[in-house]
Asker: 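Dropping a structure here in structure tokens format, bear with me for questions.
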Protein chains: 4
Amino acid sequence: MSPKAVDKKTKRQMIMRAALEVFAEQGTEATKMIDIARRAGVGKGTLYEYFPSKEELIAGSMLMMMDELDARMVERLYPLVDPLDKIRAFIEETFSFFVEKEDRVKILADFYAAGIPRPDSKPLIADIDKRYVELMEWLAVIIDEGVERKSFRPVDSKQTASILLATIDGLLFQAMLGLMPPDREKVLENVISLFLDGIKA
Amino acid sequence: MSPKAVDKKTKRQMIMRAALEVFAEQGTEATKMIDIARRAGVGKGTLYEYFPSKEELIAGSMLMMMDELDARMVERLYPLVDPLDKIRAFIEETFSFFVEKEDRVKILADFYAAGIPRPDSKPLIADIDKRYVELMEWLAVIIDEGVERKSFRPVDSKQTASILLATIDGLLFQAMLGLMPPDREKVLENVISLFLDGIKA
Amino acid sequence: MSPKAVDKKTKRQMIMRAALEVFAEQGTEATKMIDIARRAGVGKGTLYEYFPSKEELIAGSMLMMMDELDARMVERLYPLVDPLDKIRAFIEETFSFFVEKEDRVKILADFYAAGIPRPDSKPLIADIDKRYVELMEWLAVIIDEGVERKSFRPVDSKQTASILLATIDGLLFQAMLGLMPPDREKVLENVISLFLDGIKA
Amino acid sequence: MSPKAVDKKTKRQMIMRAALEVFAEQGTEATKMIDIARRAGVGKGTLYEYFPSKEELIAGSMLMMMDELDARMVERLYPLVDPLDKIRAFIEETFSFFVEKEDRVKILADFYAAGIPRPDSKPLIADIDKRYVELMEWLAVIIDEGVERKSFRPVDSKQTASILLATIDGLLFQAMLGLMPPDREKVLENVISLFLDGIKA
DNA sequence: AATGAATGAGCATTCATTCAT
DNA sequence: CATGAATGAATGCTCATTCAT
């Protein structure tokens with residue numbers, strides 16, 4: 001990797017980071033290229049040196065965000081052994097990720113919208129569903145471990161993973177709407193407890 | 001209510017229904033007023049006789065959809081007594097609603113996006129969060145009933161409702177991305193079972 | 001043809017006429033859509049009600065011009081019998097057409113450029129070459145008549161037509177550059193005389 | 001002239017030659033500076049070391065082409081004595097020049113367009129009309145010689161030159177549109193014969 | 001009331017030109 | 001000298017909205 005290449009890559013990332021900020025504040029649609037350029041501190045034309053179109057810039061930014069979350073997740077879960085700890089950490093980490101950076105959660109609606117398959121045009125982000133499935137399979141492995149260790153009931157691990165992921169997504173959407181209660185700690189505990197013990201008396 | 005007034009209201013609804021179809025297919029942003037007009041079989045100008053702007057037409061359509069879901073939910077749950085039956089019916093009904101009509105689920109991303117509070121502009125749909133909260137409180141009441149009847153553990157009913165709603169939303173989002181497994185019946189059973197019994201061995 | 005249709009067609013022509021004026025003054029490339037709109041006394045968007053793109057507006061205008069010349073030519077030559085008269089009238093009419101309307105001749109370069117076949121993109125005006133060939137064949141018929149009547153030497157009528165047309169075009173290009181002598185009458189006479197008698201002593 | 005200076009001049013010409021190639025393929029307007037730079041094998045900035053603007057590069061290239069044609073013409077006609085031979089050679093040489101180099105003829109439309117006087121902006125190539133006039137006068141001298149030697153009728157030599165030049169230009173334009181018949185030899189013969197003997201029986 | 005032709009504000013994108021290296 | 005990354009002025013085109021009929 002020549003120093004040039006690093007610079008180019010770094011600048012690309014800087015632009016995507018600026019874009020994500022503005023996307024979060026205004027939504028991808030309402031965001032104009034000039035807004036991103038100004039936020040990134042570059043000229044409008046410069047954006048097109050790094051991305052062929054607004055669409056690609058959106059897709060790139062979103063994928064970068066996914067990669068960052070993935071990386072953090074791997075790093076966080078790597079040292080853990082107990083499946084229960086892993087799941088707890090998974091939920092915690094996801095929440096932290098989307099809340100720590102101002103408004104990052106507000107990207108989520110655009111993010112999902114970008115993955116919707118439409119009849120006459122490919123989805124904005126091609127493999128968002130594959131990424132999602134990978135995540136689910138990763139969780140499923142953890143759940144399988146738990147089942148093997150007799151920590152969990154013998155559940156359908158894939159569907160259980162799907163449901164857990166759904167719950168996390170759903171809660172993030174509530175946060176997006178401003179509905180999350182201030183004590184996230186307690187919410188987390190309740191999710192864990194509900195997920196583990198159910199609601200039945 | 002004069003017959004004229006009824007006609008007006010009916011036509012308004014017809015337009016909103018046409019709009020929802022197109023929104024589902026293309027997303028609200030990509031949908032042009034002319035698309036809606038054509039689908040509704042009216043002229044472009046006519047839309048503006050019934051809605052002052054595209055924004056209001058979007059908001060109106062979404063609220064109509066919410067009202068329809070509400071009405072169906074009330075009708076479906078009204079005869080039920082057992083809190084468990086009510087919750088099961090709630091989940092079932094929500095899924096049916098979003099799946100029975102071709103692609104209705106694809107409106108969801110736009111729907112949530114419409115409710116995001118933005119710094120410099122009010123959310124497209126003003127009270128989406130209140131509606132959401134009402135729904136949650138409704139569910140909370142059901143859960144409270146269950147707790148009272150000792151069917152459920154003594155949980156924080158509001159948070160539990162929030163979590164259940166989140167799970168349902170999340171699963172619908174997965175469906176939106178085309179990830180739902182074909183056997184919704186089984187998914188439903190798993191959700192219910194997980195929600196009731198948790199995962200713990 | 002309903003009155004609406006007439007209006008639509010008429011307005012389309014009005015726009016093309018305005019466009020031709022501006023094209024002549026500035027060249028097609030330097031002409032902005034807003035220039036044409038202003039000249040036509042309509043809004044910018046209106047142009048797009050009648051033409052899907054600038055390219056199509058250019059092509060349409062040029063074709064209209066060709067049609068006008070064709071129509072005039074037919075009308076002018078129709079009453080004539082003597083091939084020599086026809087050829088003289090053909091040359092006269094072409095010159096008048098391009099000179100009578102201020103600067104119409106200045107469209108010619110763009111006009112021909114529009115017909116150039118390019119490797120990776122179809123020519124702007126698809127059948128300009130066919131139109132040109134038709135014109136040549138038309139002239140060839142006249143020349144054949146002249147040969148038959150023994151007014152002309154037995155020449156290759158197609159090539160002779162090609163050459164005559166070339167001469168006319170070439171003179172128009174000179175006019176375009178501002179090189180035409182003021183006494184067009186005399187030029188015409190010289191062309192006719194040269195074409196008929198050659199230069200040889 | 002220092003060796004450096006020669007290099008500079010040589011490089012300038014190399015750039016102009018590259019430019020002409022691209023102009024022929026795409027037209028001057030569609031040609032981007034980067035296209036020329038790549039074809040010339042230099043950086044985009046380098047072009048501006050040799051030409052202050054795209055406009056000047058176009059003008060320079062066109063003038064270079066004219067100079068090349070002039071030089072060839074002088075060399076070709078210099079040994080000839082008979083005015084008829086000169087004229088034949090003139091026509092032949094012009095045709096060869098524009099056909100031998102792939103697509104050179106396709107520059108012609110842009111070339112003429114560049115010479116059109118526009119109301120609010122000087123023509124791209126300032127003296128193209130003067131060059132054209134010089135060429136005509138040169139031809140006129142040849143014709144005068146022919147008249148003097150009684151080879152030609154006593155014609156208006158300037159107008160005759162204009163007409164001959166027009167014919168050549170017009171035929172080149174036909175070639176530009178792809179209309180030239182494959183047997184250029186025969187076309188040439190016909191032009192000569194028509195020009196000399198006319199068409200009259 | 002219903003319509004759709006007309007409109008122009010607004011935006012993504014292009015590309016000639018500059019200038020730091 | 002040579003370069004190409006950076007720039008922003010310039011423009012084709014879209015589409016929500018208006019309003020005369």
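Each chain gets a letter, A, B and so on, in the order its sequence line appears, and its residues count up from 1.
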Asker: Verify, without hydrogens or angle tests, whether C:D35 (side chain) and C:K32 (backbone) share a donor-acceptor contact under 3.5 angstrom.
Answerer: yes
Asker: Rounded off to whole Å, could you give me the OH-to-P distance for the A:Y48 and E:dC11 pair?
Answerer: 12 Å
Asker: What residues from residues 49-57 of chain B pass a heavy-atom cutoff of under 4.0 Å to DNA chain E?
Answerer: B:E49, B:Y50
Asker: Starting from C1' on E:dT7, measure out to CD1 on C:I36 and report it in whole angstrom.
Answerer: 17 Å
Asker: Nearest-Å distance, CD1 (C:I34) to C1' (E:dA9)?
Answerer: 11 Å
Asker: If pairing requires Watson-Crick or G-U wobble contacts with both distances under 3.5 Å, which nucleotide is the partner of E:dA1?
Answerer: none
Asker: Quick one: A:K8 NZ to F:dG4 P, roughly how many Å, whole number?
Answerer: 11 Å
Asker: Just the rounded figure in Å: distance from P of E:dA5 to NZ of C:K9.
Answerer: 17 Å
Asker: If only atom types and distance count, is the side chain of C:S61 paired as donor or acceptor with the main-chain N or O of C:L57 below 3.5 Å?
Answerer: yes
Asker: At a heavy-atom distance below 4.0 Å, what parts of residues 16-33 of chain D sit against DNA chain E?
Answerer: D:T31, D:K32, D:M33
Asker: I'd like to know if the side chain of D:D110 and the backbone of D:T28 have a donor-acceptor N/O pair within less than 3.5 Å.
Answerer: yes
Asker: Checking B:K106 side chain against A:P117 main chain: does a donor-acceptor pair fall under 3.5 Å?
Answerer: yes
Asker: Among the nucleotides F:dT17, E:dT3, F:dA5, which one has an atom lying closest to any side-chain atom of B:K44?
Answerer: F:dT17
Asker: By the salt bridge (Lys or Arg N to Asp or Glu O under 4.0 Å) test, which pairs, at least two apart or in different chains, include something from residues 53-65 of chain A?
Answerer: none
Asker: Whole Å only: how far is the CZ atom of A:R12 from the C1' atom of F:dA6?
Answerer: 17 Å
Asker: I'd like to know if the side chain of A:T31 and the backbone of A:G27 have a donor-acceptor N/O pair within less than 3.5 Å.
Answerer: yes
Asker: Kindly say whether C:E25 contributes a backbone atom to a donor-acceptor pair with the side chain of C:D103 at under 3.5 angstrom?
Answerer: no
Asker: Are B:K8 and B:Y50 in a cation-pi contact, defined as NZ or CZ under 6.0 Å from the six-membered ring centre and within 45° of the axis?
Answerer: yes
Asker: What is the pairing partner of F:dG4, taking Watson-Crick or G-U wobble pairs with both distances under 3.5 Å in any strand?
Answerer: E:dC19
Asker: Toward the 5' end of DNA chain F, which comes first, D:L47 or B:G45, by nearest nucleotide?
Answerer: D:L47
Asker: Tell me the interatomic distance from B:D7, atom CG, to E:dA1, atom C1', rounded to whole angstroms.
Answerer: 12 Å
Asker: Measure from the side chain of B:T46, starting at C-beta and using heavy atoms only, and say which of E:dT3, F:dA6, F:dA2 lies closest.
Answerer: E:dT3
Asker: Is there a donor-acceptor contact under 3.5 Å from the side chain of B:R118 to the main chain of A:A24?
Answerer: yes
Asker: OP1 or OP2 of F:dA2 versus the side-chain N and O atoms of D:K11: is any pair under 4.0 Å?
Answerer: yes
